[in-house]
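To find a chain, count down the sequence lines: A is the first, B the second, and so on, and within it residues start at 1.
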There are 2 protein chains.
Amino acid sequence: MADTPEAMIVEHVLDAISDQRLRAGTKLGEQMLSDLFACNRANVRRALATLSAYQVVDLIPKRGAFVATPSEKEARDVFQARRALETTIIRNVIRQADDADIAALRAHLKTEHAVRQLQDRPKAIRASRTFHMLLARIGRNSVLEKYLSELTMRTSLIIGLYGPTHASLCADDEHARIVDSIIARDEARAQKMVEAHLRHIEDEIDFTQENTRLGPLSDILRPAAG
Amino acid sequence: MADTPEAMIVEHVLDAISDQRLRAGTKLGEQMLSDLFACNRANVRRALATLSAYQVVDLIPKRGAFVATPSEKEARDVFQARRALETTIIRNVIRQADDADIAALRAHLKTEHAVRQLQDRPKAIRASRTFHMLLARIGRNSVLEKYLSELTMRTSLIIGLYGPTHASLCADDEHARIVDSIIARDEARAQKMVEAHLRHIEDEIDFTQENTRLGPLSDILRPAAG
DNA sequence: TCTCTTATTATTGTTAACAATTTATGTTAT
DNA sequence: ATAACATAAATTGTTAACAATAATAAGAGA
């Protein structure tokens, strides 16, 4: 936990994005961040550069840093990439998961189900994401894990932007059935289910209208007077 | 070209890595870079943060920035990730490639073949990488394209570290045959060939001994006296 | 009341100096 | 000659002040 201030900022922003406390378009002012994390602006700027490399923050010259607002095309690309990564991940999981991993999966299903009852949307979103990241960790491919981490963040932004208010959480039973096929070591079925699951999420999204009251980025997009 | 100095540094370092002018472990001093690109150290530091986010540079506190030296495990993860991404990419290519794209592919094959005759290894490596990135561009998924870009960089580092001296370039005819199956719109065959192609590259690598005379990172790894 | 202009404020970008730490150099002793 | 130690140089990390630009507020005129 005694990490560098820079890593702290990155981590906190990613966390906030992943459970939708930070919405697309929100401005991330340098002073605000340096105050919040008790560090100088140099650290803030490097953190923002890192977040920009992760593609969850847009850096606009002379204007500042803003939480990214993915377009529909970008969103669809993200989902296709997730299908590519997660089908490979699930294959790794089935081949490599040991008893401890299976236990972890079962435990997660329980907590995820419990959280869902609480009607606490941010918590539910986070739990849902955790499931996918747990699979990635069990898959033991750090490259896929890292990339999926980024893509789940961006998925959070996408759902926050275009998603319906109450749905768009991964269906509880779909996760459970994926775990079932993992336990059964049924590779083909597990891959199909993961792919279908991701498609369901994508299908629930309505790109025809983005959820308004988005952050100050809408201001940014109008051409500056002059 | 009139980009920010920071973007310039990132681009140049990535270029140098991708055609193996920069080897794994090489130290990237801040002063050296700020002199070279005629900018202040603040810019250099942000560029290094970005490169570190791309996983092609390791940032070691109080010690500096070094070109990353992928382990065998990391290398294998990179190759598996490439298979996942590139099989999806090739599917996109087959579904979306228009005449201009096909022409571009044919043109590339020609230049790649010509370059190969010159016995100019860096140029050949670059041409080889360009083929894969051309496919990614034709696939029209910016997420996959971005990630593949990073992974081809890391592949360059891996081959530079563990690869044989003269081989480990993508086989000329394999590229050509991939293009053939694209033109034939044979999805299954193209996917198989891409996967086999990537496996061939991986198989040529000998992890038992890393190419010595690696950079100063070997010094870094010995525990500091004290 | 609305719009255009002007002045003020806030924010981003740059620079230079300083502190802290590591690396390199050179000396001494075994 | 090698190893340990002390000194000097170079490098990373931090900080504060300054300049340049953009966002905001205020005021004048239609």
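When each of A:P61 and A:P5 is assigned the nucleotide of DNA chain D with its nearest heavy atom, A:P5 is the one assigned upstream, toward the 5' end.
The nearest whole Å value for the distance from the CD atom in B:E30 to the C1' atom in D:dT11 is 8 Å. Whole-Å rounding puts the A:L59 CG to C:dT12 P distance at 10 Å. Protein atom CD1 of B:I60 is 16 Å distant from nucleotide atom C1' of D:dG13, rounded to whole Å. Nucleotide D:dT12 holds its P atom 11 Å from the CE atom of B:M32, rounded to whole Å. As a whole-Å value, the separation of A:E6 CD from D:dT15 P is 13 Å. Straight-line distance from the CG atom of B:L33 to the C1' atom of D:dT11: 13 Å, rounded to whole Å. For B:F66 and C:dT22, the CZ to P distance is 13 Å, given to the nearest whole Å.
Scanning for ring-ring contact (aromatic ring centres under 6.0 Å, His included) contacts around B:H108 gives B:F131, with sequence neighbours left out.
Taking 4.0 angstrom as the limit, B:K27 places a side-chain polar atom (N or O) nearer than this to OP1 or OP2 of D:dT12. At C:dT12, none of the side-chain N or O atoms of A:R63 fall inside 4.0 Å of OP1 or OP2 (strictly under the cut-off).
Under the 30°/60° scheme for interplanar angles, the aromatic rings of A:H175 and A:H132 are found to stand perpendicular.
Checked by atom type and distance alone, the side chain of B:T152 pairs as donor or acceptor with a backbone atom of B:L148 at under 3.5 Å.
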Kindly determine whether A:Q80 and B:V143 satisfy side-chain contact (heavy atoms from CB on, under 4.5 Å), including the steps that lead there.
-> CA-CA 9 Å; A:Q80 191 191 37; B:V143 175; over 6 Å; no

For B:L28 and B:L22, what are the C-alpha separation, side-chain angles and deciding distance, and is it a side-chain contact (heavy atoms from CB on, under 4.5 Å)?
-> CA-CA 10 Å; B:L28 301 173; B:L22 264 179; 4.2 Å; yes

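Nearest to the side chain of A:K62, among C:dG13, D:dT11, D:dG13, sits C:dG13.
Side-chain N/O atoms of B:S34 and B:R41 include no donor and acceptor closer than 3.5 Å. Residues A:E72 and A:Y162 bring no donor and acceptor atom of their side chains to less than 3.5 Å of each other.
The stretch residues 37-53 of chain B comes close to DNA chain D through B:R41, B:R45, each having a heavy atom under 4.0 Å from the strand.
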